[in-house]
Each structure stands twice: as C-alpha cells, then as structure tokens.
Amino acid sequence: MGVTLAFILLMAVGTYGVTGWMSQVEEQRCFERLDEETGNLCRDIEAQIRSDREQLEMLAALAVGYENLECQALWEILDSYGEIGMMSRVEILMPDDTVITSGGKRLDVQGQLSFEREAALGAHISDRETDLTDTSQCILRHYVPIVKDNETIAMLYGIGVLGNLPEGMEMQPYGGQAAIYLVDGNNGDFLVDTWHEELGNLWALGERKMAPGYDTDQIRQDFNKGEEGYVVFVSETTGSNLYFYYEPMGVNEWRVALSVPEDVVFSNVREIKKALNLFLAFEALCFLGYFLWMACDVWRETNEKQKQLDTIHYINEIEKLLFNAHEKQENMGDALAKIADITAAEKVCFQITEKAVEDISFLWDGSKKQIYKEETPWMKGTKERLLNYFQEGNSQFLALDEKSLKPFFPECRQRSVTSMMAIPVEGFSGEICGILSALNLSQRPANPNLLKNVNFSFSMFCHNMKGYSEIKARGEKDFLTGMYNRNRYETDLPKLPEIYRKSLACAYIDANELHELNNSKGHDAGDAMLKAVAGQIRSKFGTEYTYRIGGDEFLAFVVDMEKEQAELLGRELEQALAEKNFHISVGVQWEAKISTMNDLVKGAEKKMYLAKKEYYAQEGHDRRRRAD
C-alpha cells in the first residue's frame, strides 16, 4: 500500500511538473512569436523600401531618355506612380535647388533642400521631414540619382506621407491587436505611430509607469547600442501591462517596435493552462475512484492499477504527440500507431469533420507501417455515414464481425474491413469536429473507452488545427478581394517552375484609373472595382495561381496552355470588365521553357506597362483632363 501511494504521488508530481514545463514552453513560444512578429514587420518594411527603390530606379532610368525633365509626357508617366508602396507621389530635385513636381511644375526650394547634399549621399531615404507645400505634413523622401553619361543630373525621389504608411503597407501584427511604431534611433522621432493620433517623439513621452524589473533607461541604452529587446510598462488608459518589443532595422538608424497587451501575448498560455488543469482535475478524480475501488478488492486493485497506469501513460503519450501536431503533422502517424497498439487494431483512422479546417484524413496502416493523408472515396463515404450516425445521438459505433458491419458498410468485404469501433470527437462547444475509428480488431472484447480516453487530445488537435488554418488563411488571403496575397505569391513563386510540363504563362493585370475613381467617387467605388477585377480574374484564370500583389496589381499563372489561348484569356478579361465600365491593362508573357520566374514576371509586367501607356494615350483617358 505504501509503495502504491508513493508511486501515485510520484505520478501526480510528475504530471504537475510536466504541466508546469508545458506552460513554460508555451510562454517561451509566446516570446518567440513576439520576436518573430517584430522581425517579420521589420523585414516587411525593409522589403517595401527595397521594392520602392526598384520602382524609383526604373523611373530614373526612364527619365534619362528625356532631354527635358519638365516634359509633359514624362510627368504623365511619373504622376501615374502615385500611391505605390510607401510612395504617395514622385518629384525631381534639380542641381539649381529647384524641385519639379506633379505635372512638371517647378518650385524654388533653396534653404529647404540641397541638391549637392542629397546627390553626395546617392540612393538613400531621409528621416522625418516636412512637406514643401504643406508644412504640417510629416514625410519621408526616398532618393535615387538620375545619371546620364556617368554624371548625376538630378535626384528623383518618392514622397511617403508618414500618416498614411501603416495603411499603405498593410501591416497587421497579432491580427491588428498590436500598436506599431517606427522610431528614428538618433532623436526618438516617431515615423509611424498607430496608437497616438499625432506623430511625436519617444523621449518626449516622459517617464512611463513600468512593470517591476523594467525601466525606461533600458530602452535608451538598447537604442544607442542598436540592440533589440523589450520592456513591460503599465498602460495609462487600461491599467494592464503592455509588452513593448523593439529591434533595429537595416535602414538609417530606424527602430521598429510593437506594443502588445499582455493578454494578447499570452493568450495561448491561459488556454493551455486551463486545459492542463482540467486534465489534472480529471486525473485526481480517477485516482480517487481508484482508491475507493482498491479498498473493496485488493486483488482487483493490483490488476486494475496497472491498467490505469498504462492508460494514463497512453493518454500522456497521445497528448504530447498531438500537442503540436497541427504544425508537425508527422506526429499524427506516431499517435495513431500507439492507438493501434493499445487497441490491437490493424488500422486506425482519424477524419476531421470541422468545416473551418481543410478536409483531411489520417489513416495508419499497421500492415505497411505507413501513414496516409489522402482520403479515398471509401473513407469519405465512411466519414459521412459515421457523422450522420453520431449526429443522431449515438456515442460510439461497434461492429465486431462482418455480419454486423455489412448492413452499415456494404463494401466492407471489398475493402478488407472485418470489424470496426469508432467514437465522435467533440469540440469545445459540443460540435463533432472529428471521428476516431479502429479497424480490424484482433482483441476481444473491444473496448471503445481506449478511444474515448484520448478524445480530449484529439479535440485539442482539432481546435489547434482550426486556429492554425485561420492564421494561415489570414496570412495568405487578401482581405478585400479574397484572392491570394503577396505572401502566398512569394511562397508559390519558387514552386511554379516544377508544375508545368509544356509551357508557363504569366498574366500581369493593373487596374486603370483606380486613383481617379477613389478621388472622384470615394474608396468604396475603388474597392468595388478591385472586387470586380478579382472576380473576373478568378473566372478566367481560376483560383489556384491568381494573386493580388499590390494595391491595383494582380498576377495570374497559366500552366500548359497554348500561347494564343493564354493571350485570348487576357483579351476576354479586358472585354468582360470593359462591359462593366472598368478598364485594365494586361500583359501576358508566355514561355515554353522559362529561364527564371523573375524574367517571366518582368516580361509580363513590361507588356502591361506598354498596354497602360497605350490606354492613356487614347482620347478620353488623359489623366489630367479627367481630373479637370
């Protein structure tokens, strides 16, 4: 008895220790995510700046071909690049310290800008400055030189209005629950601040109430050394802790920072602790029942104790494997193999029925020692029948011979299934989110409780899969149009050369006059245009390889289609939208054997720009006249 008590105490302490360890691991993951979100934000901004510089360099190369930089034809092109990336418009700084602005107008900026100083710096981006015409507006200037005959003849720069940058860069860390800051490390000036209404200065905010163990001097020290770190301060409005995480950027002396409420940072930890505490409570109840039963029958106690310990070990093993199986789905094979071992089943299957999760099934085949993820037609039919059966209120399905199995599954003999037991896996709100079944049972009598004991672990897996799928979808889908976004495009791009056999075509689509439509009828009208364009693109090119990669830019890839047919799709797309009074420019680049994906996309983009130039050269499409 004493040994038994000591062993059970050891198990309780071990489980408590594992619970604490798992909580610590999840807390560490929360900090890793905070670091990852800040790093991703930093890289996104740097990538946007690189993209803007490429656009500006392309415009600078274009401007070299014009003898007169005030040429109206040149400025029709330059003015068309409004609101791309971080840029709201472009201007040209001349050697005489004058600026050529929208429409080719010239402004004297002596004392405000210096061509000599900016040209000496080459391609660069400024810190926070004021606009030439609206001194109340804070901006950034992104300079690139216009070089002709190895001489810098002017400096082209794009203007980014700081108040518009968060919206323009579509930054949504923590699903929009975090405040975003971009700070000049030299003086503390805010370049981006999504929390306060006006751009101020970090050091001018004064002393903030800090959580124990943190102080504002740490921020100054890290900023001066160019190091990353975090502090925790108390919100003046809500009284809750805010985690302020920061790290340096590779641009000037800028620092990017996130301010995230504590309940957002550690949201997963609370849920896991709650689930683990429920498990501990359940385990304690099991031990209590075990002691009551042991007092009645010592012999049965010894035998049953071992079974309980085996079951607990089995549950813990399954729980550990399924804890992060939504990210490492190979763990599902090990989990189903353990279930097959303890239930003496040849095959074990788990089928997800949750609508918010991709339709996926896992089948462990012990005879082949292999896990299968694809769902066969028979498996799909099995899932539908079992789901209907459980939705009628049945808590388990048990058929131990072909005679009792055949009325429910007539094709069981053809599929070599001789017996089956299955249970529904219920989600946190009571809905059936999955079905766990064991096939071809060699042990009699079969015990459905061996499946029910891991119901909670599979329920947690379904819950994690749902959250993982939602996060993945938010990271890959454009919110307005429902198309894949640039994140998914960047992920798919390296894989595309592997999917075609005969040819690959790229269609580059740009919505014409979106800026004018936004200005004349409002952004709702512009959004309606983008949705219409996206809908027609999906209709013509499908949904698998179609993307919205920018504000008014779309891409579609066509696999193994004849050149004429691919180009016809582009023309049909233009015509279908023109019938709705929406106009686009399309460039289709078709190649039987691509050299690089970048060349393919750039070729399509070049054709699109030619089409756009032709469109605005037509009578009635002159942007300046339309604005008048």
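Please read all numbers here as calculations on a predicted model, not as lab measurements.
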Output the distance between atom [atom1] ([X]) and atom [atom2] ([Y]), rounded to the nearest 0.5 Å.
X    : Y    : atom1 : atom2 : answer
Q218 : Y246 : CD    : OH    : 4.5 Å
L568 : Q575 : CG    : CD    : 9.5 Å
L56  : L156 : CG    : CG    : 5.5 Å
L496 : L600 : CG    : CG    : 9.0 Å
M529 : N581 : CE    : CG    : 9.0 Å

Are [X] and [Y] close enough for a salt bridge, meaning some N to O gap below 4.0 Å?
X    : Y    : value
D478 : R488 : no
E490 : R486 : yes
E46  : R43  : no
E54  : R50  : no
D131 : R89  : yes
D184 : R128 : no
E67  : K148 : yes

Within-4.5 Å side-chain heavy-atom neighbours: [X] and [Y]:
X    : Y    : result
Y616 : E76  : no
Q112 : L132 : yes
W75  : I100 : yes
V234 : L242 : no
E247 : V256 : yes

Please report the shortest heavy-atom distance between [X] and [Y], naming the atom on each side.
X    : Y    : result
L555 : C506 : CD2-SG, 3.4 Å
I49  : H142 : O-CE1, 3.3 Å
V64  : V147 : CG2-O, 3.3 Å
W254 : D127 : NE1-OD1, 2.7 Å
P173 : I180 : CD-CD1, 3.5 Å
L258 : A178 : CD2-CB, 4.4 Å

Without hydrogens or angle criteria, can the side chains of [X] and [Y] be said to hold a donor-acceptor pair below 3.5 Å?
X    : Y    : value
E91  : Y157 : yes
D35  : T38  : no
W590 : S503 : yes
K612 : N512 : yes
E553 : Y508 : yes
D108 : T98  : no
D44  : Q48  : no

Open item on the list: Can you confirm if the aromatic rings of F244 and Y181 lie within a centre distance of less than 6.0 Å?
Closed with: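 Y181 vs F244: aromatic centres under 6.0 Å.
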Open item on the list: Can you confirm whether or not the ring centre of H124 sits under 6.0 Å from the ring centre of Y143?
Closed with: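 Centroid distance H124-Y143: below 6.0 Å, so yes.
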TODO: Sort and list the pairs that fulfil salt bridge (Lys or Arg N to Asp or Glu O under 4.0 Å) and have at least one residue in residues 521-530, not counting sequence neighbours.
DONE: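 For residues 521-530, and leaving out neighbouring residues, there are no salt bridge (Lys or Arg N to Asp or Glu O under 4.0 Å) pairs at all.
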Task: Geometric cation-pi criterion R255 and F223, 6.0 Å radius, 45° cone - done: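 The answer is yes; both the distance and angle limits are met.
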- [ ] Let me know which of N487, T481, D492 forms a side-chain hydrogen bond (donor to acceptor under 3.5 Å, both in side chains) with Y547.
- [x]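 When side-chain hydrogen bond (donor to acceptor under 3.5 Å, both in side chains) is applied between Y547 and each of N487, T481, D492, only D492 qualifies.
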- [ ] Please state whether the rings of Y230 and Y245 are parallel, tilted or perpendicular, taking 30° and 60° as the class boundaries.
- [x]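 Because their plane-to-plane angle is under 30°, the rings of Y230 and Y245 count as parallel.
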Task: With L504, the side-chain contact (heavy atoms from CB on, under 4.5 Å) member among M597, K593, Q589, M561 - done: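 Only one of M597, K593, Q589, M561 forms a side-chain contact (heavy atoms from CB on, under 4.5 Å) with L504, namely M597.
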